[in-house]
2 protein chains.
Amino acid sequence: MTDGVVERSRPRDRILETARDMFHKHGIKGVGVDAITEAAGTNKMTLYRHFESKDDLIVECLRANAAKAGAMWETFEAEHPGDKLAQLHAWVSKAAAMLNTDGRGCDMANAAAELTEPDHPARRVIKELKEAQRERLVGLCRDAGIGQAELLADTLSLLFEGARVSVQTVGTEGPSTQFVRMAEGLIVSFRGAAAG
Amino acid sequence: MTDGVVERSRPRDRILETARDMFHKHGIKGVGVDAITEAAGTNKMTLYRHFESKDDLIVECLRANAAKAGAMWETFEAEHPGDKLAQLHAWVSKAAAMLNTDGRGCDMANAAAELTEPDHPARRVIKELKEAQRERLVGLCRDAGIGQAELLADTLSLLFEGARVSVQTVGTEGPSTQFVRMAEGLIVSFRGAAAG
DNA sequence: TCTGGAAGTTACAGACCGGTAACACCCTAG
DNA sequence: CTAGGGTGTTACCGGTCTGTAACTTCCAGA
C-alpha cells in the first residue's frame with residue numbers, strides 16, 4: 001500500500017529511493033529503518049550491508065537529493081541554451097511549481113531542523129551542498145548580466161527558502177502565493193540597476 | 001549542568017520553560033519527557049498531572065513562544081509610540097539580531113518540519129499562530145502608510161523565514177548576512193511606490 | 001553442474017520512548 | 001493538630017528504535 005518502489009532494481013537503489021521518499025514525507029526521526037526496508041521490499045540486514053548506519057543512509061539520501069536537484073539545472077540550460085536570463089526565469093518558475101506541488105519544505109532544511117547535534121555527519125554535507133547551490137545561483141545571476149549578482153541570488157534563495165517553510169506552516173494559500181511576483185520584481189529591479 | 005530552571009517556581013512553569021528551551025535546542029523528537037522533567041528538577045508524574053500528553057505539552061510550548069513573541073511587538077510600540085515606520089525598522093533590526101544570536105530556526109517552522117502527521121494537534125495551532133503573526137506585520141506595514149502592505153509584509157516575512165533556515169543550514173556567514181540590506185531596500189522601494 | 005557471493009529470514013540485544021500505578025511525603029489551610 | 005492536595009519516588013507496561021548474529025536461500029557466472 002505505502003510501498004511504491006518494489007520494481008526489480010538492486011536492493012541498494014531501492015533502499016536509497018525509498019528512504020529519500022519516506023524521509024521527505026515523514027521526516028528523518030519519523031521513519032525507522034525497519035519501515036524503510038519493508039517499503040523497499042527488502043530487509044534490515046541488507047540495508048546494513050550497504051550502509052554503515054542510519055546516519056550514513058541519511059547522508060547518502062541528501063547527496064542523492066542534491067544530485068537530482070543538480071540535474072534540474074541542466075534542463076534549464078537545455079531548454080534555454082546560452083540564454084542565462086531565461087534560465088533564471090525558468091528557475092523562478094520551477095521554484096514556484098515546487099511550492100504548489102510539494103507541501104514539505106527543503107529536505108536539507110528539514111534535516112537541519114531535526115538533526116541538532118552540532119557534529120552530526122549530515123550537518124557538514126548539508127552546509128556543503130547548500131553552499132554549492134548558492135554558488136550555482138550566483139553564477140547564473142552573474143552570467144545573466146546582473147550587477148549585484150550575489151545580492152540578487154541571496155535574496156532569491158532566501159525568498160524561496162522562506163516560501164517553502166511558509167507552505168509547510170500555513171499552507172499554499174499564505175505568503176508563498178506572492179513568490180513569483182516578488183522574484184520577478186526583484187529581477188527587474190536588479191536589471192534596472194547599474195549592471196557593472 | 002544542562003538544567004537552568006531549577007528556581008523555585010511552580011513545577012508546571014518550570015516544566016513549560018524547560019521544555020521550550022530543550023525543544024528549541026534539540027528539536028521535539030530529540031527530547032524525551034524524562035529528560036525534560038529531570039532538567040526541570042521534577043519528575044514525569046508531575047508532568048502528566050499538568051499536561052495531558054507530550055503533544056499537549058508541545059502545543060502549550062508553541063503558544064508560550066507566540067506569547068513571548070507578541071510581547072516583543074509591545075516593546076516596539078513602547079519605544080516608538082505612534083511611529084509605525086520606526087516600529088517597522090525596529091522589527092527588521094530585531095529580526096536581524098535574532099539571526100546572529102540564535103542558530104536555530106523558528107520553533108514553529110521546526111515543529112512543522114518534525115511533526116508531519118497532517119492531523120497532529122500542533123499543526124493547527126502553528127497555522128493559527130503564524131497567520132496571526134502575519135496579520136500583525138501586515139497591519140504594521142499598512143499603518144506605516146505603505147501602499148502594498150500585504151505584499152511588503154509577505155516579502156519581509158518570507159525573507160526572514162528564509163534567513164532563519166539559512167542560518168540553520170549554512171550558518172551565520174551565508175545569505176542571511178544580507179537580510180538587513182534586503183529588508184531596508186524593500187521598505188524604501190515600497191515607500192517610493194504609490195502609497196494608495 | 002558447481003560454487004561463491006548477494007540477499008532473505010529469524011531472533012535477539014540493549015536502549016529509549018510515552019504513559020501509568022501505587023505509594024510515601026510534605027506543606028499549607030482550616 | 002489534622003486533613004488533603006500537590007509533589008516526589010519507584011517500578012513497571014508495551015512498544016519502538018538502531019544494530020547484530022547465525023543461518024538459509026537464491027542466482028549468476030565459471
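Chain identifiers are assigned alphabetically (A, B, ...) following the order of the sequence lines, protein sequences preceding nucleic acid strands; residue numbering begins at 1 within each chain.
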Aromatic plane relationship, A:Phe160 with A:Trp91 - under 30° parallel, 30 to 60° tilted, over 60° perpendicular: perpendicular
Separation of atom CD in B:Glu52 from atom P in C:dT20, rounded to whole Å: 10 Å
Both A:Met45 and B:Arg49 contact DNA chain C. Taking the nearest nucleotide for each, which residue is further toward the 5' end? A:Met45
Looking only at the side chains, is there a donor atom on one of B:Asp56 and B:Ser53 sitting less than 3.5 Å from an acceptor on the other? no
Of the listed nucleotides C:dG19, D:dT10, C:dG8, the one nearest the side chain of B:Lys54: C:dG19
Whole angstrom is fine here: how far is it from NZ in B:Lys29 over to C1' in D:dT16? 12 Å
Find the distance A:Asp34:CG to D:dT16:P and express it as a whole number of Å. 10 Å
Could you tell me the separation between the CD1 atom of B:Ile15 and the C1' atom of D:dT7, rounded to a whole number of Å? 10 Å
Count I, L, V, M, F, W, Y as connected when their side-chain heavy atoms are under 4.5 Å apart, and connections chain through other members. Are B:Met108 and B:Val165 then in the same cluster? no
For atom CZ of A:Arg10 and atom C1' of D:dC27, their distance in whole Å: 15 Å
Nearest to the side chain of A:Pro11, which nucleotide is it out of C:dG19, C:dA7, D:dT20? C:dA7
In whole Å, I'd like the distance from the CG atom of A:Leu47 to the P atom of C:dT9. 15 Å
Grab the NZ-P distance between B:Lys44 and D:dT10 for me, whole Å please. 14 Å
Straight-line distance of A:Glu38 CD to A:Thr18 OG1, nearest 0.5 Å: 11.0 Å
Nearest-angstrom distance from the residue atom CZ of B:Phe51 to C1' of C:dG18: 15 Å
Using a cut-off of less than 4.0 Å, is there contact between a side-chain N or O of B:Thr46 and OP1 or OP2 of D:dG8? yes
Looking only at side-chain atoms of A:Thr42, point me to the closest of C:dT20, C:dG8, D:dT20. C:dG8
Between C:dA6 and A:His50, is there an OP1 or OP2 to side-chain N/O distance shorter than 4.0 Å? no
Out of A:Leu151, A:Leu158, A:Leu152, which one pairs with B:Gln178 under the side chain to side chain contact (heavy atoms under 4.5 Å, CB included) rule? A:Leu151
Listed nucleotide nearest any side-chain atom of B:Asn43, set D:dG8, C:dG19, D:dG19: D:dG8
